[in-house]
Colleague: 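Dropping the structure in here first, questions after.
We count residues from 1, following the sequence as given.
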Amino acid sequence: MLITDFDGVVIDGMAEYWWAARSCALRLLPSLEPLPETIPALFTALRPRVLAGWEMPVLAALVAGKALPQADFQRNYSSALQASLALLGWKQAQLTQLLDQVRQEAIASNREGWLARHRVYPWMQERLWRFQEDGEPWQVLTTKSAEFTRELLQAHGLEPAAVYGREQGPKPSVLRRLLAERRTGQSVWRFLEDRRLTLEEVLETPGLEQVSCLLVSWGYLLPEDKDHLPARIGLLNPETLAKPLDDWP
């Protein structure tokens, strides 16, 4: 069974992430103008540390100089994120709801324009198409809303057996439930991610010893993410992705 993350593995949505983050930040603090419409280098550099979408408007506020300094985020991302939330007077649930709202409005008013902000990785699209043609099921596990994930998958002709979004809970918890419900014969589980910290959480979660963790070489990686990988995390590049599953790490 192949289970894959979405953002940074199937889809490169950096343009949409900045657009959505900028839109949310400006609605909450119109005084943040002017925020650049082009993707700032600071946003791109910190995007690999993002676990959930609600964090991105905080990064937009950082770009505008209204959050804690960049050095604080680089030193301790999680701590700086929470301190910036308090400084801005924003709440996690508020940002999650607003992020969904701006995306829903964009889809309703200009679906093609919203879709165009996302780029599917061609090697991943071709491999998933082959899985579909061969009748091999694959699933998506993401921190994005399942609704938006399905919208993007359908636009690219991708039909997973299931989509598990942020609504289902943390990724290790979802993997444990899926393993508990697995059918006889599903002995090898491969999980593709571009966030090393998430894969390390899987390694540390009891009951997930059967999951083969694969860090993809593309997507939103920090420069050091590929270095000194634990024994149970393999590195997957586009060339190996195209090969039969038995030839994967």
Colleague: Indicate yes or no for a side-chain donor-acceptor contact from Ser109 to the backbone of Glu105 under 3.5 Å, with no hydrogens or angles considered.
Modeller: yes
Colleague: For residues Asp247 and Thr240, determine if any side-chain heavy atom of one lies less than 4.5 Å from a side-chain heavy atom of the other.
Modeller: no
Colleague: Within the structure provided, determine whether Leu192 and Ile3 are in side-chain contact (heavy-atom separation under 4.5 Å).
Modeller: no
Colleague: Compute whether any side-chain donor of one residue and acceptor of the other, for Gln97 and Gln101, lie under 3.5 angstrom apart.
Modeller: no
Colleague: Less than 4.5 Å apart, any side-chain heavy atom of Leu95 and any of Glu55?
Modeller: no
Colleague: In the structure I gave you, are the side-chain heavy atoms of Lys91 and Leu85 within less than 4.5 Å of one another anywhere?
Modeller: no
Colleague: Within a strict 4.5 Å, meaning less than it, do heavy atoms of the Val174 and Lys171 side chains meet?
Modeller: no
Colleague: Any non-hydrogen side-chain atom of Val102 less than 4.5 Å from a side-chain atom of Trp114?
Modeller: no
Colleague: Under 4.5 Å between side-chain heavy atoms, hopping through other hydrophobics if needed: is there a path connecting Leu197 to Leu46?
Modeller: no
Colleague: Treating Gln154 as the side-chain partner and Glu159 as the backbone partner, does any N or O pair qualify as donor plus acceptor under 3.5 Å?
Modeller: no
Colleague: Closest heavy-atom contact between Thr142 and Asp5?
Modeller: CA-OD1, 4.0 Å
Colleague: Between the side chains of Tyr220 and Asp12, does any donor sit under 3.5 Å from an acceptor?
Modeller: yes
Colleague: List the atom of Lys66, the atom of Leu32, and the distance in Å for their closest heavy-atom pair.
Modeller: CG-CD2, 3.1 Å
Colleague: Determine whether a donor-acceptor pair (N or O, by modelled atom type, separation under 3.5 Å) exists between the side chain of Asp134 and the backbone of Glu136.
Modeller: no
Colleague: Do Leu68 and Ser84 come within less than 4.5 Å of each other through their side chains, counting heavy atoms only?
Modeller: yes
Colleague: Would you say Arg150 and Val140 make side-chain contact, with heavy atoms under 4.5 Å?
Modeller: no
Colleague: Salt bridge (charged side-chain N to carboxylate O under 4.0 Å, His left out) with Glu16: which of Arg103, Arg22, Arg47, Arg117?
Modeller: Arg103
